[in-house]
Novice: 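This structure is in structure tokens; I'll ask about it shortly.
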Amino acid sequence: MTTNNQANSNNTTTLFDKDSSSSSSSFGNENFIYNSNQKLTIQQQRISLPIYQNRKHILYLLEKYSTLVIIGNTGCGKSTQIPQYLFESGWADGFRTVLCTQPRRVAAISLAERVAQELGEQQVGKTVGYSVRFDEKISDIETRIKYMTDGMLIREMMLDPLLLKYSVIMIDEAHERSLQTDILMGLLKKVQKKRNSSGENNNNNNDTLKLIVSSATLNAQDFFNFFNYNQTNDKSKDTSTILSIEGRTYPVDIHYLEEPTSNYIQQTLQTIIDIHLTQPPGDILVFLTGQEEIERMIQTLDDKFELQRQQQQDNKNKQMMKYLLLPMYSGLSINKQIKVFESVGDSKKIRKIIIATNIAETSITIDGVVYVVDCGFVKIKSYDSISGLESLVIVPTSKSSANQRSGRAGRNRAGKCYRLYTESTYDTLLPDQTIPEIQRSNLTTTILQLKALGIDNILNFDFISQPPSGSLIRGLEVLYGLGALDDNGRLTNPTGMIMAEFPTDPTFSKMIVQSSSTGFNCSEECITITAMLNIQGLFTNQNHKSRKHLLVKEGDHITLLNIFNSFISNNPNSSHWCHQHQINYKAMQRVLQVRKQLLAYANKYSIKVISCFDDPNISPKNCSSLVRKAIVSGFFTNAAQLQPDGSYQTIREKHKLWLHPTSVLCLSNSPQWVIFNEVTITTKEYMKDVISIEPNWLYEIAPHYYKFKK
DNA sequence: GAGCACTGC
């Protein structure tokens, strides 16, 4: 292995680190957070942060420039301190508010809690507040510093397009380039141009909007360019600038392979064993791409180490250090996730080996890690606008991602990172950045939101990274098919406008809107089905044996409806029934929450909530047909016909698909015609959540989409 | 008979 030394991005203080505090909040356990400064007062801690040296400079640059791009490492304190500096220096005077956006809910909540504490307030929701889905702690009069998810701010713009109550908006974690953050940057650029030009005209500085964009080193220039409106070569007319904040860092030694490997799993296995047998104490964090890889790796390691231990049993001088193998991925139950944060006693005697997905790259931070093993690959979403299908693919990581991973070594002391590829691969083959999400996503929802915000010409919108035109065109076509856009591409009233505000994909919102009308009469059922399909991890066992009496032959949607109704009639406050039927009780609680929100939206837009099952004049069989017809009205693009070989073919694109083995439709004869909720591509292309339909429903309900076939 | 990176409203 070759070695070079690279300064890493960490510092001694984790108390102010957003990532650490977010994990404390999400797991409700403060004890596992390491705080080397806990003897200092809050003021002393604030002053000891690296960013404090830049306080005056930040405030000066924000007076001079409209947009400030800040490069700051994890833990430098930017997310907690900058909003406070702005507050202290008058940016929140005169009923104005300083806003900081986050890509994730837990981060927004825990940052607000931390800053409220730093301001000496007993609770969040006074001077400092937050707003995320399902939860808001804001005082309309008192709140001056606000944390919010990107998605919530986009939503707020539908009510207040110029966001006049905000004087400064800090877009945090912009380097992650999430779909919502990218859209937000495009929208805020528009708002800033509008507010700042009218500010000049009226000579009223209170109307101007200042932006702070938090970035990693590698893409700061992109953000600078995007927000620099200076058309001349005169640098003094720039409207944006970049400031880099030095963090206190520990060095991380980067080790590369000398020869490329053809099997990164095997290489990962060997590297972990080598570290454990030859390196001094310190936890190991390993990055792999998915659940299955992780579970298999843990099994194999356990077997190998056990073998090693038996061989060494007789030799008292050569005994292997103890170890604890821990998986970490989002599908894991919270109880199992917590284990990676728990103390194992003396870290010199027992080594934690954590095998994780990308969740450990951004969403959670584990202290005590000294060694990082980076397999060099990542599983990401990919979108094919021709078939309209999203899938997950394994691709090489980017430089930016590799640096983030290595930065996870030695948060508390110097560390080592083992990259399982060669240095020349890093230099010449890895892209600087992961492709922004907006360029590999289905954009139907995004387009609908932009239309609702008055962006008529989507193709000309100022995206920081232009999405593929195929994705935009496909999205527009689907929205037209759903009746959300008219012949001129304008939002329809009221259908399109309601759909844009519903917190679901347009396919679901269309189904709900349609289901309340005469001839369907099943909006209650459709809202329940939407809530059930929007929650992950519903079943603790994919095998339906324990739920046999709840299955419905028309398909998965109706089965889900049946499960929900049985859950309600068997005391929704007791987990016993769920346990008995191998249903995740916590997931059902989330279903109730989503369902409640959907019912509130239905109420807001005067969508009648009616149930066909409550109507004595409609038989249960006809009821099932009504619900399935309502589903067709939202999901008609996802229609497929049975083929002689047992596969299915989508009707327009002729795409070959298979019934997923977990579908209840696999338990009986395959129906001729089906509608599916989604496709997952693994060993084959599978349809998940599928119902049987009558083909004439397609012509009846979506004639504009299927007219050519008749 | 297969097996779900991570978020968000």
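Per chain, numbering begins at 1; letters A, B, ... match sequence-line order.
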Novice: Would you say a side-chain N or O of Arg105(A) is under 4.0 Å from OP1 or OP2 of dC9(B)?
Specialist: yes
Novice: Report which part of the nucleic acid Thr683(A) touches: base, sugar-phosphate, or nothing (heavy-atom distance under 4.0 Å, all strands).
Specialist: sugar-phosphate
Novice: Measuring to OP1 and OP2 of dC6(B), would you say a side-chain N or O of Thr362(A) lies under 4.0 angstrom away?
Specialist: no
Novice: By nearest heavy atom, map Gly151(A) and Asn358(A) onto DNA chain B; which one lands nearer the 5' end?
Specialist: Asn358(A)
Novice: Once you apply a heavy-atom cut-off of 4.0 Å, does Ser178(A) come out as touching a base, just sugar-phosphate, or nothing?
Specialist: nothing
Novice: Of Gly331(A) and Asn534(A), whose nearest nucleotide on DNA chain B comes first from the 5' end?
Specialist: Gly331(A)
Novice: Is a side-chain donor-acceptor pair under 3.5 Å present for Thr444(A) with Asn442(A)?
Specialist: yes
Novice: Kindly check if the number of other-residue, nucleotide or ligand heavy atoms within 6.0 Å of NZ (Lys399(A)) is above 12?
Specialist: yes
Novice: Take a 6.0 Å sphere around CG of Asp303(A) and say whether it holds more than 12 heavy atoms from other residues, nucleotides or ligands.
Specialist: yes
Novice: Report the relative orientation of the aromatic rings in Phe502(A) and Tyr601(A); use parallel for angles under 30°, tilted for 30 to 60°, perpendicular for over 60°.
Specialist: tilted
Novice: Identify whether any heavy atom of Leu392(A) sits under 4.0 Å from a base atom; if not, whether one sits that close to sugar-phosphate; answer base, sugar-phosphate or nothing.
Specialist: base
Novice: Could you check how far CZ of Arg177(A) sits from C1' of dC6(B), rounded to whole Å?
Specialist: 17 Å
Novice: Which is true for Asn543(A) with a 4.0 Å heavy-atom rule: it touches a base, it touches only sugar-phosphate, or it touches nothing?
Specialist: base
Novice: Contact class for Tyr329(A) (heavy atom, under 4.0 Å): base, sugar-phosphate, or nothing?
Specialist: sugar-phosphate
Novice: With a 4.0 Å limit, can you tell me whether Ser330(A) has a side-chain N or O closer than that to the phosphate oxygens OP1/OP2 of dC6(B)?
Specialist: yes
